[in-house]
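Worksheet for the structure shown next.
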Amino acid sequence: MVSRRQVLGGAFLAIPGCLLARGAMGGAAFEGETIRWIVPYDTGGGYDEYSRLIAPVLEAHTGARVDILNMPGGGGIRGAVEIFRSPADGLHIGIVNAAGLMAQGLAEPDREEMDISRYSIVGRVAAEPRVLVVNAKSDFATVEDLKTAGRPIVCGVTGLGGATYVDAIVAAKILGLDQKVVHGYESSSDLRLALLRGDIDMVWSAYGSAYDSMVAGDFRAVLSKSAAEEELIAGLTTVEEAAGAALDDPQLRGLFDAWLALSEIGRPVVGPPGIPAERLDALRRAFDATLSDPVLLEAVAKANRELSPLPGVEIAALADRFAKIDPDTRALLAEIVRSES
Amino acid sequence: MTLLEGIHGGLALALSVETLPWLGLGAAFGLIVGVIPGLSGHFAMAMAVTFLYSMEPASGIVFILAAHATVAQGGVLTTILFSTPGTGQNAATLLDGPAMRDKGEAGLAVGAVMTSSFLGALFGAVALALLLPVLREVVLMFGPAEIFALSMLGLVFIAVLGRRDLLRSLIAGLIGLLLAMVGSGGAAWNPRLSFGIDRLMDGLPLVPVILGLFAVAEMFKPWGRGGTFAKENAQASSFLHAQTQMMRGALVALKHWSLVVRSSIIGTIIGLIPGLGSSTAAFIAYAHAKQTSPRPETFGTGNVEGAIAPETANNAVEGGALASTLAFGIPGSSSMAILLSAFTILGMQTGPVMLNEGVDVIYLMIFTIILGNLIGSVCGLFMIGPLVRLTALRTSLVVPWILVLIFTGAYAGERMLTDIGIALLFGVFGYIASLLRYSRAALLIGFVLGEAVDRNLNLGLQLEGPFFFLKGLALPLTAVTVLFLVWNLVRTGGAGSATGRTGVVSAEQSPDPEDRGNRLALETLFLGFLGVVAAVALVSVAGESWSTARTPVVVLLPLLALTAVQFLRVRRAALPGQTRQRTRSALAAEFPAFSRSLQLLGACLTALAAIAVLGHYVGVAALVFGLSGLLGGEWRRVALLSAVLAAATIYTIFEVCFGIDMYRGLVFRAFLGWRDF
């Protein structure tokens with residue numbers, strides 16, 4: 001017979017026990033230590049925000065202090081190199097622009113920091129959908145409108161070889177668009193201003209960056225890179241749907257698959273090569289728990305963002321898939337990245 | 001929400017018990033960040049944003065905005081008192097501020113700039129309020145063509161700055177433009193002029209360059225001179241004297257109300273345009289003040305107008321800079337990007353939603369700028385007392401401490417050791433430039449505007465073709481620029497011959513023939529070096545695509561031509577064999593000032609090496625001990641104490657308070673497991 005006192009006593013112990021368990025889940029390994037989390041962009045960017053939202057919750061799940069370090073430069077390359085060279089003790093991690101790294105790796109195959117599969121991959125925070133946006137005041141509502149405009153469509157990009165450029169070139173190739181690329185805008189903010197002014201007709205943008213302008217009625221999304229469930233673009237035509245039979249061509253198909261693989265990997269959280277297995281496991285468990293923690297989900301929702309977590313193992317598989325694309329497609333993609341086509 | 005409701009709501013929020021303390025705290029925080037060399041408004045915001053996650057929206061907004069607003073006011077204190085601009089925005093004040101200190105008018109200067117800073121901020125905030133109904137249209141007015149035309153207008157101001165010696169100013173401006181071309185630019189990701197150095201791929205970093213040109217460079221003169229840091233003037237360093245002067249300074253600022261208004265207009269307009277920045281506003285306001293002053297020749301010797309104009313402008317920028325951020329959620333600068341992310345964190349939305357329904361929030365921000373600057377000005381006035389006492393200390397004690405702050409500020413920005421090296425390099429360059437009367441202001445304008453010119457030229461050509469600068473709003477702006485340039489060139493040509501052109505080295509510049517000879521020798525070497533660098537640069541871009549090489553070539557050809565012309569002028573004025581002879585004498589330590597400068601440089605380089613190998617704290621302690629004790633003649637024990645104190649202070653401020661880890665040194669890093677090799 002269990003006495004009332006025993007039940008109450010048990011309940012009393014259970015509560016701190018639950019709280020402790022939360023910390024102990026991935027935590028015993030990191031109790032009292034400091035984790036250095038590198039963001040390869042300046043304060044104020046999207047991934048900086050994600051990091052700052054995640055940090056306090058990760059602290060609860062690891063028992064460690066999480067310090068965020070902004071290390072902008074080279075389009076995210078500098079931060080990646082910093083992570084690559086850090087001590088492999090599980091206390092130095094950060095977000096990397098894997099797509100950017102891999103694209104750069106096509107142009108510079110000798111640099112080992114560009115090979116995402118060499119990093120210890122912890123997990124993915126989000127893979128922001130990419131959308132093609134136009135000025136809402138323009139006449140373009142669908143891809144057909146773009147194709148039948150009767151003049152080259154002006155697409156703005158930041159730098160030759162960058163994400164906006166690769167998106168623009170590959171999409172235009174697959175969809176058969178008559179496109180004029182205007183390059184040299186400093187940032188995605190400048191691109192959005194140019195679109196508002198009407199200097200350019202369209203731009204490939206991350207969903208989160210264009211969100212405010214879409215809500216305000218300034219922009220309209222015409223195409224989505226891949227199927228998305230986010231609020232404003234659920235059910236939007238994808239590139240695959242718009243391309244239709246064009247993707248029967250094996251070269252275009254190969255290019256398309258490689259292009260998609262790059263963005264699916266998104267920007268994972270990684271550590272340097274060589275983190276001991278138990279530490280990496282503990283980190284992964286804490287990370288997974290963090291990304292499903294209701295406290296974090298609430299904060300993220302309040303900031304109008306969304307998480308799309310993916311465990312480290314699956315990202316590693318994606319990276320492998322990309323590494324195995326056929327040489328012709330690889331060469332074509334490399335050409336595009338080096339802005340030779 | 002009606003306008004009246006918005007104003008009332010905003011004011012009530014700003015003055016409420018919950019938010020006012022945060023406003024004050026933010027203002028104080030910004031002031032302190034401004035005082036430390038190398039830390040800018042961007043840094044203050046980045047630090048502030050980390051606290052936002054647990055704050056109420058109103059408190060968070062006032063804290064972060066107040067912190068940003070007062071940084072320039074903190075920076076102007078160290079600019080005037082220690083010749084060390086805290087931020088890029090204060091660099092223009094270096095031209096006249098310290099000269100006022102040396103005349104015993106530090107209090108006057110600070111009183112004047114604190115007052116005019118506040119007035120500038122007020123103007124900018126009110127302008128924002130008045131522009132609210134048309135904010136979106138105003139922001140969209142400025143496209144590549146318009147920004148190109150305005151940037152060109154800014155560059156033409158170089159002609160104004162250097163009217164007395166146009167050739168030297170033009171060379172300086174062109175050097176600035178050339179420096180802006182370093183890194184990935186123009187059309188391609190292809191790095192140009194970076195010679196394979198990773199750090200330069202994104203271009204030369206602004207903060208270390210400014211720290212070098214305007215802070216490190218200013219340390220050579222007092223070190224060479226010795227004595228007290230502020231030139232001997234016992235009364236000037238008295239607390240009471242400073243306080244009375246401050247009141248006078250405030251009145252002087254009010255007396256120059258017309259200049260304050262004009263500088264505010266300049267600041268507000270430049271703030272509205274994304275990408276130009278507050279240092280641009282400061283320098284253009286300075287040039288404008290010089291242009292419109294009845295006594296332009298006094299600029300550079302301690303004319304209070306030369307301090308009022310830039311500080312008013314860089315505070316007026318605040319209001320304008322908020323415009324595109326609020327109107328479209330598109331940040332006009334990296335600081336504004338942080339503010340935008342703050343809005344996101346606090347769950348607030350910009351754009352029409354805010355402009356229509358969040359008017360009270362907008363007015364909260366407007367009142368925050370006004371009140372924050374008021375608090376900043378008042379606090380700044382109180383800080384001058386103790387700080388001015390410090391300038392009475394010996395240079396052997398003060399200069400090492402300032403250098404430590406410069407080293408730390410240069411590193412803390414982006415945590416790159418190379419940035420300290422860049423600051424030292426530009427320190428030497430800036431010192432030589434100031435000795436030879438090459439306008440550093442012109443150089444900085446060229447550097448800051450060069451990127452804007454290149455990028456917008458590139459975009460304009462792609463979008464509208466070769467005559468893009470004659471379309472739309474750009475046409476009147478281009479017309480103004482051309483007229484302005486022509487008018488100034490005519491004035492200079494006329495004035496030059498009327499006063500009997502002063503020649504290569506004028507009598508006022510150096511009455512002493514020895515000194516003149518030395519300057520000519522130095523200038524010969526300088527121009528020779530410049531010519532070689534320019535030639536190498538030209539060769540290096542020769543193989544690139546036209547869109548990458550276009551602007552550098554357009555800059556390099558005139559630069560080479562003007563350098564050659566100036567070189568010939570200098571050779572003609574110098575005695576034969578003089579350069580070689582004087583160089584040999586200098587290296588044989590026959591010129592004490594030169595030797596002391598070389599010692600200072602040597603000490604800095606050694607300290608940098610020590611930082612790289614043994615870590616930041618060892619390096620800075622070694623720098624202080626070496627400079628004070630070994631080279632400066634202080635007692636060893638005093639020097640040691642000063643060294644330890646300096647390291648401890650840096651640790652407390654940067655690691656404990658700001659949470660920035662300083663460089664640990666290759667030895668320690670290897671020990672910890674870093675793979676630096």
Side-chain angles (χ1 to χ4, degrees), chain A residues 36 42-46 48-49 52-53 55-56 67-75 77-78 81-82 84-89 154 156 159-162 165 180-187 189-190 192-194 196-200 212-213 215-218 272 299 302-305 338-339, chain B residues 42 45-46 49-50 52-54 136 139-140 142-144 184-190 198-199 201-202 274-275 324 328-332 334-342 344-347 349-353 414-416 451 454-455 458-459 462-463 547 659 661 669 672-676:
Chain A
R36 207 165 164 254
D42 213 350
T43 319
D48 178 70
E49 271 171 37
R52 292 182 190 279
L53 290 169
D67 279 346
I68 297 194
L69 225 57
N70 294 87
M71 290 203 152
I77 305 284
R78 182 200 160 195
V81 170
E82 178 78 14
F84 193 84
R85 296 206 183 138
S86 308
D89 52 11
V154 181
L160 296 177
Y165 178 79
K180 174 183 164 185
V181 168
V182 171
H183 50 71
Y185 287 97
E186 194 182 6
S187 65
S189 307
D190 285 358
R192 280 182 286 138
L193 208 51
L196 279 167
R197 277 176 46 90
D199 290 341
I200 55 179
D212 278 354
S213 301
V215 163
D218 291 324
K302 183 173 154 206
N304 279 321
R305 295 219 175 262
R338 285 196 300 264
S339 49
Chain B
H42 176 268
M45 275 207 157
V49 100
T50 54
L52 246 54
Y53 289 84
S54 45
R136 285 165 72 88
V139 170
L140 289 181
F142 297 99
S184 323
W189 269 147
N190 300 326
D198 271 346
R199 180 67 183 103
M201 264 186 56
D202 289 322
S324 75
F328 295 109
I330 293 178
S334 56
S335 307
M336 288 297 120
I338 300 178
L339 182 68
L340 210 55
S341 121
T344 313
I345 293 165
L346 298 167
Q349 198 151 54
T350 54
V353 171
E414 300 220 4
R415 289 182 199 82
M416 288 199 152
E451 207 204 320
D454 184 38
R455 186 177 327 117
N458 173 44
L459 287 172
Q462 286 180 80
L463 290 172
S547 55
D661 290 347
R669 280 165 65 97
L672 283 175
W674 284 81
R675 276 161 286 205
D676 284 317

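Letters go in sequence order (proteins before strands), and every chain restarts at 1.
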Find the one option among B:A337, B:P352, B:G143 whose heavy-atom pairs under 4.5 Å with chain A are most numerous.
B:G143

With chain B, the option among A:D67, A:L53, A:D89 that has the most non-hydrogen atom pairs under 4.5 Å is A:L53

Where on A:A194 is there a heavy atom nearer than 4.5 Å to chain B: the side chain, the backbone, both, or neither?
neither

Check whether A:Y185 gets within reach of chain B through its side chain, its backbone, both or neither, counting any heavy atom under 4.5 Å.
both

What part of A:N70 is in contact with chain B, defined as an atom under 4.5 angstrom from a non-hydrogen atom: side chain, backbone, both or neither?
backbone

Note: B:A46 and A:T43 closest approach over all heavy atoms is CB-OG1, 3.5 Å

Interatomic distance, CG@A:D190 vs CD1@B:I330, rounded to 0.5 Å, equals 8.5 Å

Hey, what do you get for CG (A:D212) to OG1 (B:T350), rounding to the nearest 0.5 Å?
4.5 Å

When rounded to the nearest 0.5 angstrom, what is the spacing between CG in B:L459 and CG in A:D199?
8.5 Å

Under the 3.5 angstrom rule, does the side chain of B:R675 hit a backbone N or O of A:S86 as a donor-acceptor pair?
yes

Can you tell me how far the CZ atom of B:R415 sits from the CG atom of A:L69, to the nearest 0.5 Å?
4.0 Å

With a 4.5 angstrom heavy-atom cut-off, which part of B:Q349 approaches chain A: side chain, backbone, both or neither?
side chain

Okay, A:P72 and chain B: the region with an atom under 4.5 Å from a heavy atom over there is both

Between B:L346 and chain A, with a heavy-atom cut-off of 4.5 Å, which part of the residue counts as in contact: side chain, backbone, both or neither?
backbone

Quick one: closest heavy-atom pair of B:F142 and A:R197, and the distance?
C-NH1, 3.5 Å

Nearest-0.5 Å distance, CZ of residue A:R52 to CG of residue B:L52:
10.5 Å

Side chain, backbone, both or neither: which part of B:V353 has a heavy atom under 4.5 Å from chain A?
neither

Least distance between heavy atoms, A:V181 atom then B:Q462 atom:
O-OE1, 3.6 Å

Scanning both residues in full, the closest heavy-atom pair of B:G329 with A:R192 reads O-NH1, 3.7 Å

Part of A:I68 within contact of chain B (heavy atom distance under 4.5 Å)
neither

Rounded distance [0.5 Å steps], CD1 in B:I338 versus CG in A:D42:
6.0 Å

